[in-house]
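Quick notes on the structure that follows.
Fair warning: this is a prediction, and the values are worked out from it, not measured in the lab.
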Amino acid sequence: MIGERSKASLAREAKRNSPETRQFRNEIEHFLHVTNAEPNIAYFLRQDLKKMTDMAYYGMDIGHRTFSLKPTEIAIEYCNLLANFGTIEFTRKILKEISRQQNQTLRKLFLRPPDQIAKALSLGTKNGYWEHPIPLKFVRTELEKLIHCDLKKAHAFIDILQCVNQIFLSKEQNAVLNAVHKDSMPDGWKWDVPDSDLYIRYKVLDLNL
């Protein structure tokens, strides 16, 4: 039937309007209030949380911003606010919610370089996947830990992430990677040592990029 909505669409709307999502939105507003968040940073966070139809601020008027910031600058300001709020559970939830979609702050730290865009166009975007050399799950876990124990190191980690470009993998390459290091880095790998190889997941599996 024309105009009939899918079950998935209805489920996303139900999640957005659920008591849990309303409670989360109240928690965000409380967080922004008690941390005295700068209005533009508050705007950026609300904007991050309205990108998808099941998100807390989707379809809502969140005002406007008066200046722009780079994703790295926004991410650092988020870290500063979360460090002052002091609840790990809330930090975990925020980091997860702002990394679900390509146009959100954490994902925008990873750029798509021209050579990989050319590869995606050559293979066909339906024949592969965009991949983060340092998995987002690893990024969130590391930031969650650093925000509450070493804020300066959290800033340094974000600075490292802006040096890491997204990679386009064929479906076959992606299957090989997922079988071993879908959400993990190789044992013993550290990002905070000199000459750390940020693309090591592909190299240990001999994936030709």
For [X], side chain to side chain donor-acceptor pair (under 3.5 Å) partners two or more places apart:
X: Lys96; value: none
X: Thr125; value: none
X: Lys203; value: Asp197

For residues [X] and [Y], report the shortest heavy-atom separation together with the two atoms involved.
X: Gln116; Y: Gln166; value: CG-O, 3.6 Å
X: Asn165; Y: Tyr199; value: N-OH, 2.9 Å
X: Thr91; Y: Glu144; value: CG2-CA, 4.2 Å
X: Gln101; Y: Arg107; value: O-CD, 2.9 Å

- Query: Looking at Asp54 and Lys15, does any basic side-chain N land under 4.0 Å from a carboxylate oxygen?
  - Reply: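 Salt bridge between Asp54 and Lys15, a charged N being under 4.0 Å from a carboxylate O: yes.
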Judged by modelled atom types alone, do [X] and [Y] share a side-chain donor-acceptor pair under 3.5 Å?
X: Arg140; Y: Ser99; result: yes
X: Gln173; Y: Tyr202; result: no
X: Thr35; Y: Asn84; result: no
X: Thr21; Y: Ser18; result: yes
X: Tyr57; Y: Asp48; result: no

Can you give each donor-acceptor pair under 3.5 Å made by side-chain atoms of residues 61-69, sequence neighbours left out, with the distance rounded to 0.1 Å?
| residue | atom | partner | partner atom | Å |
| --- | --- | --- | --- | --- |
| Asp61 | OD1 | Gly63 | N | 3.0 |
| Arg65 | NH1 | Ser68 | OG | 2.7 |
| Thr66 | OG1 | Asn40 | OD1 | 3.2 |
| Thr66 | OG1 | Asn40 | ND2 | 3.0 |

- Message: So if I apply the side-chain contact (heavy atoms from CB on, under 4.5 Å) rule between Met60 and each of Arg46, Lys50, Arg25, Met55, which one comes out positive?
- Response: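 Of the listed residues Arg46, Lys50, Arg25, Met55, the side-chain contact (heavy atoms from CB on, under 4.5 Å) partner of Met60 is Arg25.
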- Remaining members of hydrophobic cluster (4.5 Å side-chain criterion), Leu151: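 For Leu151, no cluster forms, as it stays isolated from other hydrophobic side chains.
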- Tell me who clusters with Leu121, hydrophobic residues only, linked when side chains sit under 4.5 Å apart either directly or through other members.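 Hydrophobic cluster check, Leu121: joined to Ile117, Leu123, Trp130, Phe168.
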- Query: After noting the C-alpha distance and the side-chain angles of Arg5 and Glu13, does the key distance pass the salt bridge (charged side-chain N to carboxylate O under 4.0 Å, His left out) rule?
  - Reply: CA-CA 11 Å; Arg5 295 174 59 191; Glu13 181 179 6; 2.5 Å; yes
- Message: Ring of Tyr58, cation from Lys51 - is the NZ or CZ under 6.0 Å from the centre and inside 45° of the axis?
- Response: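 Not flagged: Lys51 not positioned over aromatic ring of Tyr58.
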- For the residue pair Trp189 and Phe138, is the inter-centroid distance of their aromatic rings smaller than 6.0 Å?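 Yes, they do, as the ring centres are separated by less than 6.0 Å.
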- Message: Classify the ring geometry of Phe110 against His132: parallel below 30°, tilted from 30° to 60°, perpendicular beyond 60°.
- Response: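 Rings of Phe110 and His132: perpendicular, over 60°.
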